[in-house]
There are 2 protein chains.
Amino acid sequence: MSASLKDVAKLAGVSVKTVSNVVNDYRYVSAATRARVRSAIDELGYQPNLTARHLRYGRSGIIGLALPELDIPYFAELAKAVIGVAEQQSWSVLIDQTDGRGDRERQTVSGPRAQTLDGLILSPLTLDASYLAGLREDLPLVLLGERVRPGTADHVVIDNVAAARDATRHLIALGRRRIAAIGDQHNSDAGTAEVRLRGYREALAEAGIAPDPALVLPAMSYHRPDGAEAMRRLLTLPEPPDAVFCFNDLLALGALRTLLSSGVRVPQDVALAGIDDIQDGRFSTPTLTTIAPDKEQIAEAAVTMLLERVNGYVGPPRELVAGHRLVARESTVGRG
Amino acid sequence: MSASLKDVAKLAGVSVKTVSNVVNDYRYVSAATRARVRSAIDELGYQPNLTARHLRYGRSGIIGLALPELDIPYFAELAKAVIGVAEQQSWSVLIDQTDGRGDRERQTVSGPRAQTLDGLILSPLTLDASYLAGLREDLPLVLLGERVRPGTADHVVIDNVAAARDATRHLIALGRRRIAAIGDQHNSDAGTAEVRLRGYREALAEAGIAPDPALVLPAMSYHRPDGAEAMRRLLTLPEPPDAVFCFNDLLALGALRTLLSSGVRVPQDVALAGIDDIQDGRFSTPTLTTIAPDKEQIAEAAVTMLLERVNGYVGPPRELVAGHRLVARESTVGRG
DNA sequence: GATCGGGTTTACAACGTTGTACATCGATCA
DNA sequence: TGATCGATGTACAACGTTGTAAACCCGATC
């Protein structure tokens, strides 16, 4: 058992509250008393019991971070950043993995575990409207990503239309004309897939390239095997693409695997670009051209907005658009 | 504010304790009362306040997982598994990133944040003896990995000597004779590096291959750039290796990058193997031969051992050796 | 008809903390 | 000299929960 205020008080011969006052640097404690209490604290190795504090304050000091899976590099890197930022402000982060399943996501936001949280940063995959219904109505919430109707909660995004457009423009600028897209998803509207698809189409339109529906491939999820599979199908087309834009880097790495093991040269035969700038893409061969979202900024903004809400800020839902930039690597421009 | 027992009690016209009894399925509550309380609970949407419970019980329901960095795939995959197992038993996991720095690790185990934890799973990089001194002496602890003198706490490992030996044997069986090792670390004794180096040497000795010190390269840390850099140096040797065993997969992926961008063929010119079986290695080109530790088993064992301690088990420190197996892929055996 | 016993319910205290209100004290001021 | 003031310290209650012990009620027992 660790020492409590009571133990310290007894040892120092003062009241419990006085010890509490010392611990909290309350102004009106005489130097003598303070010294006596301090030494008692040291002697007993007292550390305040955070659980009791949290009960008293009606807060837990813990925010939740709900994301699909930690072994997806983008989310791992994001989690790292979020934890880092939160830690700087003495907040702890509890990670919940939703597996991208709607029921798990709902449970996360409404289950008893959510009860302990002072706020939640949610990076949903399947978020629909019914979702927010289950919410503790007083739980501060920040949403990450695009799959949300604006106006439901604070959220942090990147401009996915622009990101996809930038990537596609880059491929066009290289002289490619048959540009495929991997990562379409039919079921979800207003999802990431839709906006990235829009950006892709806009870039094609700008360049006066007629869109070919056969070049737009769906992906069940956004993992490497999905990209590999989609690429296999693209290679069977009578007229295969000369460039592929994948809606995230994992899909691109999967596609890359298929290309290389099929003897297709990248980027000579097919140029390849993704989104996320995960670390793997910096060490693949060829290295992967990608759109790099500013993850630090995203994490920083998410935590900041959330803590503002936790601290009582009220106001209409806010949206922050974090920056992104094109990082051209070997998979499109070859070896410099 | 969410409803408390008191609110429910008032609505149902019973005492607070009776509501508590209903919530906890206490035996002696009449059917009528129970029904009345239940409906009051539903009406108010009552959910127990876990913070208060934890205070009452002297527990937080939260275990810590301290690891170097989440963006290292091995740790991300491990974290995923640990969180999954803990969740099944209704425990929450709080992740702490130590960055592999000793001071951060020490802070993790002794700082105020540790105060809230019921137990800690620690995967240290620089753990030394002074480390455990700062520990809350009553904090249940499970250590992961090898960098620990046995006898200090429960810990879960794989047989790193055997793992390294298996990988090296595999390279030898392919007919390679100049086998390099990347990942040596001088400063730490009894660390992962040392045991893996030992396994490597044992396998060489078995095969009657004279060890060449020039083929053993250190790595500052175990990230991709370290592997890439070490490989660069190996390639400058008058007699470069025909195989490389890296002490983890990230080093191997870094080395692979260097090899391929130098025009060296893998595995024809140089065969390559790592340890960890991270997902990247299944989609690199060539795919990466590796030693796969049973991460599920590790996570399962760590959580189980920890919760046993939390639940009062006392006894001498235990050690569990989790399984591992060789996964031969293209980087050694080429394309099947 | 008083006693017993078991089911059922309740009041109270406690986990460790801090806000509020009040008590105490010495010094200052009219 | 007595009132006032600020500095310092304290007792108490409360956050929401549950263990303990005791109270209550009813039917069965003697």
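The model shown is predicted, which means the values in this text are computed figures rather than measured ones.
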Measuring only between side-chain heavy atoms, which start at C-beta, is Ile298(A) closer than 4.5 Å to Leu144(A)?
yes
Atom CG of Asp25(A) to atom P of dT8(D): distance rounded to whole Å?
14 Å
If you look at every strand shown and take non-hydrogen atoms under 4.0 Å, does Val16(A) touch a base, only sugar-phosphate, or nothing?
base
With a 4.0 Å cutoff (strictly under), does any side-chain N or O of Thr18(B) reach OP1 or OP2 of dT9(C)?
no
Side chains of Thr33(A) and Thr18(A) in contact at under 4.5 Å (non-hydrogen atoms)
yes
What is the distance, rounded to the nearest whole Å, between atom CZ of Arg34(B) and atom P of dG7(C)?
14 Å
Phosphate oxygens OP1/OP2 of dA7(D): is one of them under 4.0 Å from a side-chain N or O of Ser30(A)?
no
Does the side chain of Tyr26(B) get closer than 4.0 angstrom to OP1 or OP2 of dT10(C) through an N or O atom?
no
Strictly below 4.0 Å, N to O, side chains only: are Arg318(A) and Glu308(A) in salt-bridge contact?
yes
Between Leu55(B) and Ser15(B), which has a closest nucleotide on DNA chain C that is more 5'?
Ser15(B)
Figure out the CG/C1' separation between Leu5(A) and dT17(C), and round it to whole Å.
6 Å
5′-ward residue of the pair Val29(B)/Tyr57(B) relative to DNA chain C:
Val29(B)
Apply side-chain contact (heavy atoms from CB on, under 4.5 Å) to Val310(B) and Trp91(B), showing your working.
CA-CA 12 Å; Val310(B) 171; Trp91(B) 286 77; 3.7 Å; yes
To the nearest angstrom, the OH-P distance between Tyr28(A) and dG26(C) comes to 19 Å
Round to the nearest Å and state the distance from Asn21(A) atom CG to dG19(C) atom C1'.
10 Å
Where each residue is assigned the nucleotide of DNA chain D containing its nearest heavy atom, which of Ala52(B) and Lys17(B) is assigned the position nearer the 5′ end?
Ala52(B)
Tell me: CG of Asp7(A) to P of dG16(C), nearest whole Å?
8 Å
CG of Asn24(A) versus P of dT17(C): gap in Å, rounded?
10 Å
Below 4.5 Å, heavy atoms only, C-beta onward: do Val156(B) and Gln297(B) meet side chain to side chain?
no
Arg56(A) vs dA14(D): side-chain N/O to OP1/OP2 distance below 4.0 Å
no
Considering every strand and a 4.0 Å limit on heavy-atom distances, what is the contact class for Thr51(A): base, sugar-phosphate, or nothing?
nothing
Counting distance alone, no hydrogens or angles: does the base of dG16(D) have a donor or acceptor under 3.5 Å from a partner atom on the side chain of Lys6(B)?
no
Grab the CG-C1' distance between Asn49(A) and dG16(D) for me, whole Å please.
14 Å
How is Ser4(B) classified with respect to the nucleic acid when contacts are heavy atoms under 4.0 Å: base, sugar-phosphate, or nothing?
sugar-phosphate
